[in-house]
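The structure under discussion appears below in the form of structure tokens.
The model shown is predicted, which means the values in this text are computed figures rather than measured ones. In what follows, every chain begins at residue 1, and chains take the letters A, B, ... in the order their sequences are listed.
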Amino acid sequence: MKEDGGIEIDGKPAAATVQCRHCGGHFPAKIIKAGALFTAEAARRMNSLGVTLRGYCHRCNGPVCGPKCAECVPWEQQLENAMAGRPPNYKPVQASVPRVIHG
Amino acid sequence: MSCYSGIGSATLSTSAAVTVAGLTGGTTVVPRIYEVIVSSYDTPADQSTQFYLQRTTAAGTAGSSVTPTALGLGRAALATFGSGTYSVEPTYDAAGILAQFAVHQRNLFKWWAFEGREVFVPATAAAGIGVKSVDSTQADDWHGTVFWME
């Protein structure tokens, strides 16, 4: 996973960070154990027990920081919501209209 | 885009959260923080502190208002910067923790972001980001330096 930032301690690189594609927060990048997939509900339960779980959003094509960002609201949309005074998880209705083919 | 820095300092507490540095934007600016440095200037000791980089919705009352330093030849910053010790802590967004890190008192800690991956402050009145100690094993004196662009 491509890193989005880094951490240095006393001038020496200590860790890479990645940015949550929903809230914009940074967290240390860690190797993901193969087969470690959980549903959002299971992730929330484990999080409430103190287990730190990260995720991946396939719509935003990037990492998310945890169950609190499970709902896909990209950070650009969250920024716009904050500036417009909308709820943080507001998303505009998106609809696609098939192309009309004239016979 | 111009780059700026601000240095805050505060004496931490072992029983309460203390803001070391606070950046507050406004409706005409979207500050983007790309680097944060925290270090203690107290007598070296084997102690540690947990810091949050967290969104604020009200600036609180800072111990002192710091004029941001322009890192280039740009204009004066539109965002404002406050240093501890706050008489009224900023109002923090509980869901807005952007980063958390535990730092040993003897270390200098730096977090930085690549271009395009900064943490943004929305262009909303009184919105900001604070560098806050949430838990400290000793009430030491700490600096917090924030670099941002706007």
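Only the backbone of B/Glu118 comes within contact range of chain A, with heavy atoms under 4.5 Å apart. Of the atoms belonging to B/Ala125, not a single heavy atom falls under 4.5 Å from chain A. Using a 4.5 Å cut-off between heavy atoms, B/Arg55 contacts chain A through its side chain alone, with no backbone atom that close.
Residue with the most contacts toward chain A among B/Phe109, B/Trp112, B/Tyr34, B/Phe101: B/Trp112 (heavy-atom pairs, distance under 4.5 Å). With chain A as partner, the option from B/Ala113, B/Ala99, B/Ala127 having the largest number of non-hydrogen pairs under 4.5 angstrom is B/Ala113. Most heavy-atom pairs under 4.5 Å with chain B, from the set A/Gly6, A/Gly24, A/Gly5: that is A/Gly6.
Clustering ILVMFWY residues whenever any of their side-chain heavy atoms sit less than 4.5 angstrom apart, transitively, puts B/Val103 in the very cluster that holds B/Val131. Hydrophobic clustering, with ILVMFWY side chains joined whenever heavy atoms are under 4.5 angstrom apart, keeps B/Tyr52 apart from B/Phe147. Following chains of ILVMFWY side-chain contacts shorter than 4.5 Å, one cannot reach A/Leu79 starting from B/Val121, and the two form parts of different hydrophobic clusters. The cluster map of Ile, Leu, Val, Met, Phe, Trp and Tyr, joined by side-chain heavy atoms under 4.5 Å apart, puts B/Phe51 and B/Leu23 in the same cluster. In terms of hydrophobic clustering, with Ile, Leu, Val, Met, Phe, Trp and Tyr side chains grouped at heavy-atom distances under 4.5 Å, B/Val66 and B/Ile33 are assigned to a common cluster.
Within a 6.0 Å radius of CZ in B/Arg75, other residues, nucleotides and ligands contribute more than 12 heavy atoms.
Within the 4.5 Å cutoff, the side chain of B/Lys110 has no heavy atoms near those of the A/Ile7 side chain.
Side chain of A/Asp10 to backbone of B/Asn107: no donor-acceptor contact under 3.5 angstrom is found. In terms of modelled atom types and a separation under 3.5 Å, the side chain of A/Glu8 and the main chain of B/Trp111 share no donor-acceptor contact.
A pairwise comparison of heavy atoms in B/Thr124 and A/Met83 identifies OG1-CA, 3.6 Å as the closest pair.
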Exercise. Between A/His26 and B/Leu98, does a side-chain contact (heavy atoms from CB on, under 4.5 Å) hold up when you go through it step by step?
Worked result: CA-CA 6 Å; A/His26 275 245; B/Leu98 299 169; over 6 Å; no
